[in-house]
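Each remark here refers to the structure printed beneath this line.
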Amino acid sequence: MNSTKTFYVTTPIYYVNGMPHIGHAYTTILADVLARYHRAQGDDVFFLTGVDEHGQKIQQAAEDAGVEPQEQCDRMALHFKNAWEKLEISYDFFMRTTADFHKKAVQDVLQDLWDKGEIYEHEYGGYYCVGCERFYTTKELVDGKCPQHLKKPEFIKEKNYFFRMSKYQEWLVNYINENPGFIQPESRKNEVLGFLNGALEDLCISRPKSRLSWGIELPFDKDFVTYVWFDALLNYVTGIGYKQDEDRFDKWWPADYHLIGKDIVTTHCVYWPTMMKAAGIPMPKTIFAHGWWMVDATKMSKSLQNIVKPLDLVDKYGVDPVRYYLIRDMVLGQDANFSEEMFIKRYNSDLANDFGNLASRIATLIRKNFGNNIPKGNNPGLDEREIQTNGEKLPKEVQKLISEMRLNEAIETILSYVRSINRYMEMKAPWKLVKTDHEKAGLVLYTAAQGFCIAAKLLEPVMPGKICSVLSIFPLKSENESWGNLISGEELKEFQILFPRIQAAPDKPAPEKNMKTDEDSLNLISIDEFFKAKLITAKILEAEKVLGTSKLLKLQIDTGSDTRQIVAGIAEYYAPEQLIGKTIVAVVNLQPAVIRGIESNGMLLAAKKGKQLQLITTSDSIEPGASVG
RNA sequence: GGCGGAGUAGCUCAGUCGGUUAGAGCAGCGGAAUCAUAAUCCGCGUGUCCGGGGUUCGAAUCCCUGCUCCGCUACCA
């Protein structure tokens with residue numbers, strides 16, 4: 001309420017030569033979570049994201065699609081906007097580098113730099129590969145040929161414009177050293193300093209139109225367009241009014257966070273700061289590079305498209321749990337592993353069991369015993385006070401962790417409070433207490449409900465949709481997370497299960513684990529039941545070991561009607577090469593399973609006793625796809 | 001090759017300006033309870049803190065060295 005702070009956060013603007021993927025989504029969700037936290041704290045927030053639309057690849061993509069570049073960009077921009085809508089991204093402005101105001105502002109900056117002598121013209125000769133559409137240094141050439149196309153590049157002379165980046169090298173090194181928080185995490189800072197150990201060269205910031213026309217024209221030479229990075233980086237300032245509305249710009253700048261992926265550290269930590277320095281723009285507070293989501297460490301063969309795509313989980317399980325998982329399971333700065341299995345574990349234990357179920361039990365108890373009216377919270381005892389005190393401390397703790405970019409720990413802290421409420425419930429057992437001391441039971445439920453609301457409120461930036469809907473059933477005085485804002489005597493609206501447990505775990509390998517359970521029970525089955533399993537002969541086409549496992553082989557089998565992949569735990573008994581060509585018996589209508597990140601669509605049959613295992617094969621040759629039974 | 005980061009319980013990670021029996025969550029095992037989404041709660045960890053040296057009264061934490069993984073960078077002149 002008092003002095004409103006401003007908070008300006010950016011994502012990179014994404015290059016529109018491809019569809020939105022997990023990398024784009026993650027950075028954007030991260031920015032969104034930060035933006036929402038700061039809004040909830042009462043800060044004045046500006047959240048900028050968008051797309052980068054100029055350059056060679058865009059022009060090429062448009063040509064391939066047979067449309068004008070602008071149309072190609074319009075289409076792609078829409079894909080990104082739609083994706084962000086689906087992911088509940090609350091950006092304040094969606095930047096497009098083809099917007100007139102941006103082009104004009106970029107030209108203004110270029111003109112200034114030109115006038116100040118920060119940009120100069122230079123003609124040089126170089127080896128240019130038409131296939132790659134780029135110059136190579138002599139060192140890069142292999143036998144005088146382009147390493148990509150193995151063709152001899154042409155030596156051409158070309159004029160271009162260069163930004164005097166090199167003259168800021170020393171300044172930049174000092175700046176980075178004097179401002180330890182400027183580049184985070186520290187490992188990236190060191191990386192940049194390492195890069196700056198070598199001589200920094202001037203940056204070519206133009207492209208002749210004869211080669212590339214899709215870009216922002218240089219104001220001082222209409223035969224050239226601006227190099228796409230130079231154009232793109234400036235979005236961080238043009239998007240908030242630079243060279244258009246200085247008041248607006250001054251309000252937001254310098255940015256609190258430029259969030260980036262670790263792949264674009266150099267552009268953001270070298271090009272961009274020197275550009276700003278030359279243009280007289282103050283430095284942003286922090287450039288933060290996060291790691292990557294590794295999807296299935298064991299890379300699958302490209303022919304198969306059965307990889308679980310992270311964004312597919314949104315369709316399957318909803319946005320909020322996916323946002324929760326992404327924020328909870330990545331330690332910022334490090335890489336993280338993505339798998340549906342880990343997602344489901346996280347979802348079930350945190351969201352369904354701890355958080356959702358707590359709401360459910362509170363709601364049911366209030367409904368059954370208090371006619372759906374929030375009971376009174378009078379005369380709190382020691383235990384109640386403890387829940388209250390911890391609940392009152394929680395927002396500060398969370399805020400601190402977030403300011404340190406330890407979002408995973410912030411979430412864990414909130415969840416640990418939720419667990420403490422579950423413990424409190426267990427200790428007080430209001431379902432029993434209600435029979436002997438109705439008022440005390442009411443106090444317990446009030447305390448639990450109020451604590452729950454505080455925790456929920458703090459999770460809202462991560463799961464805006466779900467939290468909004470669960471909080472809306474509680475009668476609350478205010479939007480903040482203060483103790484006592486839950487109103488006694490008012491109605492608790494109808495509760496609906498928030499996060500239904502996900503039952504089917506994607507990977508249920510455990511083929512041998514069942515051995516100790518009652519396998520010898522004499523259950524007889526009907527012949528119909530037997531034929532539920534569709535058994536056929538199949539031919540093994542390919543076999544390879546699953547890396548990092550001792551027992552697993554990945555097989556491609558011909559079932560007569562299709563070629564499919566199965567994972568079999570037989571590596572200790574068969575080498576991959578001795579399997580190829582064998583005709584085996586397989587169950588082909590099993591539910592698919594993901595085992596060690598690899599999808600398995602079926603199961604082969606083998607006989608096993610003790611340490612022996614033999615595949616079930618056919619004695620004579622028979623076509624793949626023959627029925628077995 | 002150089003620089004940097006990482007290597008802690010089955011899994012994901014805390015902890016490290018040296019100091020009590022090294023922690024959390026998840027998974028697993030045993031039990032209690034039954035308001036709740038077969039959810040919850042309680043109890044259970046003989047971990048070579050990557051290996052080897054060293055400094056120290058004392059090291060996961062500092063130094064040296066080796067190994068593995070990752071990143072950046074440079075490349076067999």
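Letters A, B, ... are given to chains in the order of the sequence lines, protein chains preceding strands, and every chain is numbered from 1.
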Pick the C1' atom in B/C57 and in B/U48, then give their distance to the nearest Å.
24 Å
Between B/G23 and B/U46, how many Å separate the two P atoms, rounded to a whole number?
11 Å
Could you tell me how far apart A/R406 (CZ) and B/A24 (P) are, to the nearest whole angstrom?
18 Å
For B/U68, give its Watson-Crick or G-U wobble partner with both distances under 3.5 Å, or none.
B/A6
Answer for the Watson-Crick or wobble partner of B/C29, both distances under 3.5 Å, is B/G43
C1'-based separation of B/G28 from B/C11 [nearest Å]:
12 Å
Tell me which of A/F495 and A/E186 sits closer to the 5' end of RNA chain B, going by the nucleotide each one is nearest to.
A/E186
Out of B/A39, B/U40, B/A24, whichever nucleotide has its closest atom nearest the side chain of A/R501
B/A39
Without decimals, in angstroms, what is the distance between A/D354 CG and B/C26 P?
6 Å
For B/C75, give its Watson-Crick or G-U wobble partner with both distances under 3.5 Å, or none.
none
Taking only the C1' atom of each, what is the distance from B/C29 to B/C49 in whole angstrom?
25 Å
Provide the distance between the two C1' atoms, one in B/U21 and one in B/U65, to the nearest whole Å.
31 Å
Looking at A/F499, is A/K466 sitting on its ring face, NZ or CZ under 6.0 Å from the six-membered ring centre and within 45 degrees of the normal?
yes
Whole angstroms only, please: what is the CD-C1' distance between A/E341 and B/U12?
12 Å
Set out, line by line, the N/O atom pairs under 3.5 Å between protein and nucleotides 67-72 of chain B.
{"from": "B/G71", "atom 1": "O2'", "to": "A/R188", "atom 2": "NH1", "distance (Å)": "3.0"}
{"from": "B/G71", "atom 1": "O2'", "to": "A/E191", "atom 2": "OE1", "distance (Å)": "3.3"}

Does the side chain of A/H268 pick up a donor-acceptor pair with the side chain of A/Y236 at under 3.5 Å?
yes
For B/A27 versus B/G10, give the span between their C1' atoms, rounded off to a whole number of Å.
8 Å
What does the list of N/O pairs under 3.5 Å between the protein and nucleotides 34-36 of chain B look like, with a distance for each?
{"from": "B/C35", "atom 1": "O3'", "to": "A/K368", "atom 2": "NZ", "distance (Å)": "3.4"}
{"from": "B/C35", "atom 1": "O2", "to": "A/R361", "atom 2": "NE", "distance (Å)": "3.2"}
{"from": "B/C35", "atom 1": "N3", "to": "A/R361", "atom 2": "NE", "distance (Å)": "3.4"}
{"from": "B/C35", "atom 1": "N3", "to": "A/R361", "atom 2": "NH2", "distance (Å)": "2.6"}
{"from": "B/C35", "atom 1": "N4", "to": "A/R361", "atom 2": "NH2", "distance (Å)": "3.0"}
{"from": "B/C35", "atom 1": "N4", "to": "A/E426", "atom 2": "OE2", "distance (Å)": "3.4"}
{"from": "B/A36", "atom 1": "OP1", "to": "A/K368", "atom 2": "NZ", "distance (Å)": "3.0"}
{"from": "B/A36", "atom 1": "O3'", "to": "A/S360", "atom 2": "OG", "distance (Å)": "3.3"}
{"from": "B/A36", "atom 1": "O2'", "to": "A/N357", "atom 2": "OD1", "distance (Å)": "2.3"}
{"from": "B/A36", "atom 1": "O2'", "to": "A/S360", "atom 2": "OG", "distance (Å)": "3.1"}
{"from": "B/A36", "atom 1": "N3", "to": "A/N357", "atom 2": "ND2", "distance (Å)": "3.2"}
{"from": "B/A36", "atom 1": "N3", "to": "A/R361", "atom 2": "NE", "distance (Å)": "3.2"}

Rounded to the nearest 0.5 angstrom, the OG1-NZ distance for A/T364 and A/K368 is 6.5 Å
Please output the side-chain donor-acceptor pairs of residues 440-455 of chain A that fall under 3.5 Å, not counting sequence neighbours, one pair per line with the distance.
{"from": "A/Y446", "atom 1": "OH", "to": "A/L486", "atom 2": "O", "distance (Å)": "2.6"}
{"from": "A/T447", "atom 1": "OG1", "to": "A/L443", "atom 2": "O", "distance (Å)": "2.7"}
{"from": "A/Q450", "atom 1": "OE1", "to": "A/G484", "atom 2": "N", "distance (Å)": "2.9"}
{"from": "A/Q450", "atom 1": "OE1", "to": "A/N485", "atom 2": "N", "distance (Å)": "3.2"}
{"from": "A/Q450", "atom 1": "OE1", "to": "A/L486", "atom 2": "N", "distance (Å)": "3.1"}
{"from": "A/Q450", "atom 1": "NE2", "to": "A/N485", "atom 2": "OD1", "distance (Å)": "3.0"}

Taken to the nearest whole Å, CZ/A/R328 to C1'/B/G25 is 7 Å
Before you tell me yes or no, could you show the steps for A/T28 and A/D32 under side chain to side chain contact (heavy atoms under 4.5 Å, CB included), namely the whole-Å CA-CA distance, both residues' side-chain angles and the distance that decides it to 0.1 Å?
CA-CA 6 Å; A/T28 310; A/D32 187 60; 5.7 Å; no
Please work out if A/N408 contacts a base, only the sugar-phosphate, or nothing of the nucleic acid, heavy-atom cut-off 4.0 Å.
nothing
Rounding to a whole Å, what distance do you find between A/W293:CH2 and B/U12:P?
12 Å
When you check the side-chain N and O atoms of A/Y37 and A/Q399, is any donor under 3.5 Å from an acceptor?
no
Assign A/D329 to base, sugar-phosphate, or nothing according to its heavy-atom contacts below 4.0 angstrom with the strands shown.
nothing
Under 3.5 Å, is there a donor-acceptor pair linking the side chains of A/D350 and A/Y324?
yes
Tell me the interatomic distance from A/L415, atom CG, to B/U40, atom P, rounded to whole angstroms.
11 Å
Looking at A/Q334, I'd like to know whether one of its side-chain N or O atoms comes within less than 4.0 Å of OP1 or OP2 on B/A14.
yes
Heavy-atom nearest nucleotide on RNA chain B taken for A/N353 and for A/K345; more 5' hit belongs to A/K345
Provide, to the nearest angstrom, the distance between the NZ atom belonging to A/K428 and the C1' atom belonging to B/A33.
17 Å
Atom pair distance, as rounded to whole Å: CZ in A/R367 and C1' in B/U37:
14 Å
For nucleotides B/A9 and B/G15, find the distance between their C1' atoms and express it as a whole number of Å.
14 Å
Interatomic distance at P, B/G58 relative to B/G53, whole Å:
15 Å
In the structure shown, which nucleotide is the Watson-Crick or G-U wobble counterpart of B/U20, with both distances under 3.5 Å?
none
Side-chain H-bond candidate by donor/acceptor type, A/E340 with A/Y317, under 3.5 Å
yes
Check every atom of B/C41, B/G25, B/C26 against the side chain of A/R423 and return the nucleotide holding the closest atom.
B/C41
Got a salt bridge between A/E397 and A/K393, using NZ or NE/NH1/NH2 to carboxylate O under 4.0 Å?
no
For residues A/N422 and A/R361, is any side-chain donor paired with an opposing acceptor at under 3.5 Å?
yes
Between the side chains of A/E392 and A/Q388, does any donor sit under 3.5 Å from an acceptor?
yes
